Amino acid sequence: MYVSHILEREIPMAKRRKRVGMSTTAIHQGNDPDRETGAIIPPIFQTSTYVQASPGKHRGYEYTRSHNPTRTRLEECLAALEQAQYALVTASGLAAATLVMHALPHGSAVICGDDMYGGTYRLFTNVFQKIHHFHFVNTTDHQQLKAAVQRHQPALIWIESPTNPLLKINDIGHIAALAKQHEALTLVDNTFMSPYFQNPIPLGADIVLHSVTKYLNGHSDIIGGALMTNHQELYDKWWYLQNAMGPSQSPFDSWLVLRGLKTLAVRMRAHEENALQVAQFLAAHPKVKSVIYPGFAGHPQHELAKRQMRGFGGMVTAFLKGGLAGSRRFLETVELFALAESLGGVESLVDHPAIMTHASIPKAERLAIGITDNLVRLSVGIEDVDDLIRDLEHALKKI
Ligand SMILES: Cc1ncc(COP(=O)(O)O)c(C=O)c1O
């Protein structure tokens, strides 16, 4: 069962397709033609409410904060892509994180990777620190992680892999097994890989989180989040909280994501192809100190990346020469690479984490883990790669 029990009972949804590839799933799951008209593209159910035949007698949908047929279709598709039984789509990635936090018992210990999206860090340290206890550790160091788990007895281990922005690879299978020994849940923020390159649930994770804003939608025109799991009790809690608190995605945005997902496979392949060439170009450039890309044989966890991922993704992190001033000149000069927060769209973006996406992490902590002022994070798009490289070459001359 991919969708909520209410929907399965009341609304005949697209049949679950077995033994098909990722592209077929992305294009067809949740995308059956409209039953009423045969429209090949299901309509957007742009409605806030639903007619009832008698009080409490409805067809599975009462109010769009609780359920919406377009969102249900997206949930069905995302659950299938992440090989999960349940998916809940939310208004943003951080809304999804918020639901996870509210679903934990009050006063829970949460162990988090020390390198994570700055907004998630801010949510944990400035909002949820009132009700939970957060411990940030280098989860790629298994001794350090084991000691932290024994000491804090967490309810949840929260990791990204690859991490944002240092592209460290966490061993999902190892971490999930350790968590299980201590009756903790493991959540993997799979935003950077997308289900095309990595499925954390078959590796042992309990929860997958996505900022749907990024690769899943792929066109930088909506904000959204999603949670996937095989635990019905977790899904039920999140659904209850979403209905009670209100961070649900609009039907139009869900429809756009359904559309974007159809090209997930071709986009991810193109992102990766371009990212590798951009990373190689940067690594050989005299104005660049070093480059992190999980696809490089020299990446410290390259072997692990090869084992648990089906590709290395479209994100590249580079340390430039010339300090903050040099980085500023580079970032002010790029043209095709837009200087902007976010990632995962078809257009190339470049970010300065220390000032932009990770500014909410205190400077000392940022520097301690290696997010320095000369670090730039590139979300390599699917433009012609020669044009991208020419753009970078031109901007690097300004350093
Ligand atoms: C890895 C990661 N997780 C979560 C989020 C938060 O998602 P959203 O911006 O959709 O709330 C982001 C946003 O940049 C992210 O990069």
Side-chain angles (χ1 to χ4, degrees), residues 71 74 78 82 87-101 110 112-128 136 139 156 158-170 172 187-195 197-198 200 205 207-228 238 242 245-250 253-254 256-257 260 271 292 294 309 313-317 338-345 349-361 369 371 375-380:
R71 207 157 68 225
L74 174 56
L78 290 179
E82 280 295 5
L88 185 80
V89 165
T90 58
S92 69
L94 288 185
T98 296
L99 296 181
V100 173
M101 286 301 126
V110 179
C112 308
D114 59 359
D115 179 35
M116 58 160 40
Y117 168 54
T120 313
Y121 178 90
R122 179 178 54 205
L123 181 72
F124 292 171
T125 55
N126 290 355
V127 180
F128 281 105
F136 295 88
T139 44
L156 176 69
W158 181 296
I159 52 172
E160 295 176 359
S161 193
T163 61
N164 180 359
L166 294 168
L167 305 179
K168 293 196 278 187
I169 310 296
N170 276 302
I172 296 171
L187 179 148
V188 178
D189 180 335
N190 202 25
T191 300
F192 270 31
M193 280 290 96
S194 92
F197 284 136
Q198 177 170 273
I207 305 167
V208 171
L209 179 144
H210 277 281
S211 170
V212 169
T213 315
K214 311 295 177 351
Y215 288 109
L216 293 180
N217 179 57
H219 294 76
S220 307
D221 49 13
I222 65 101
I223 298 284
L227 293 168
M228 274 65 85
W238 300 330
Q242 167 141 285
M245 293 164 58
S248 323
Q249 191 177 55
S250 83
D253 288 358
S254 296
L256 281 174
V257 181
H271 280 296
I292 311 175
M309 291 142 58
M315 301 300 296
V316 176
T317 293
L339 176 60
E341 305 213 356
S342 202
L343 59 107
L349 300 180
V350 62
D351 164 49
H352 187 271
I355 297 178
M356 296 165 67
T357 47
H358 292 66
S360 48
I361 302 178
I369 61 165
I371 306 178
L375 183 162
V376 295
R377 189 195 71 183
L378 296 99
S379 170
V380 181

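Because the structure is predicted, anything quoted here is derived from the model rather than measured. Read the numbers this way: they start at 1 and go in the same order the structure lists the ligands and their atoms.
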Open item on the list: Do Asp351 and Leu343 make a side-chain contact, defined as non-hydrogen atoms from C-beta onward lying under 4.5 Å apart?
Closed with: no
Task: Shortest protein heavy-atom distance from atom 7 (O) of ligand 1, along with the residue and atom involved - done: Ser211 OG, 3.0 Å
Open item on the list: How far is atom 3 (N) of ligand 1 from the closest protein heavy atom, and which atom is that?
Closed with: Asp189 OD2, 2.6 Å
- [ ] Return the residue, atom name and 0.1 Å-rounded distance of the protein heavy atom closest to atom 9 (O) of ligand 1.
- [x] Lys214 NZ, 3.7 Å
Task: Which segment of Leu94 sits under 4.0 Å of ligand 1 when only heavy atoms are counted - done: both
TODO: Give a yes or no on whether the backbone of Thr191 and the side-chain of Ser211 come within a donor-acceptor separation of less than 3.5 Å.
DONE: no
Open item on the list: Students often mix this up, so state it plainly: with edges at 30° and 60°, are the rings of Tyr117 and His358 parallel, tilted or perpendicular?
Closed with: perpendicular
Open item on the list: Please list the nearest protein heavy atom to atom 15 (C) of ligand 1 with its residue and the distance rounded to 0.1 Å.
Closed with: Tyr117 CG, 3.6 Å
- [ ] May I ask you to decide if Ser161's main-chain N or O and Gln198's side chain share a donor-acceptor pair within less than 3.5 Å?
- [x] yes
Task: Under 3.5 Å donor-acceptor, Thr163 side chain and Lys168 backbone - done: yes
Task: Centroid-centroid under 6.0 Å between Phe124 and Phe136 rings - done: no
- [ ] Taking only heavy atoms of Gly224 into account, list the atoms of ligand 1 that are under 4.0 Å away from them.
- [x] 10 (O)
Open item on the list: Please list the nearest protein heavy atom to atom 16 (O) of ligand 1 with its residue and the distance rounded to 0.1 Å.
Closed with: Asn164 ND2, 3.2 Å
Task: Any N/O pair Thr213/ligand 1 closer than 3.5 Å - done: yes
Task: Donor-acceptor contact present, side-chain Asp115 to main-chain Leu166, <3.5 Å - done: yes
Task: Contact check: Gly93 vs ligand 1, nitrogen or oxygen atoms, below 3.5 angstrom - done: yes
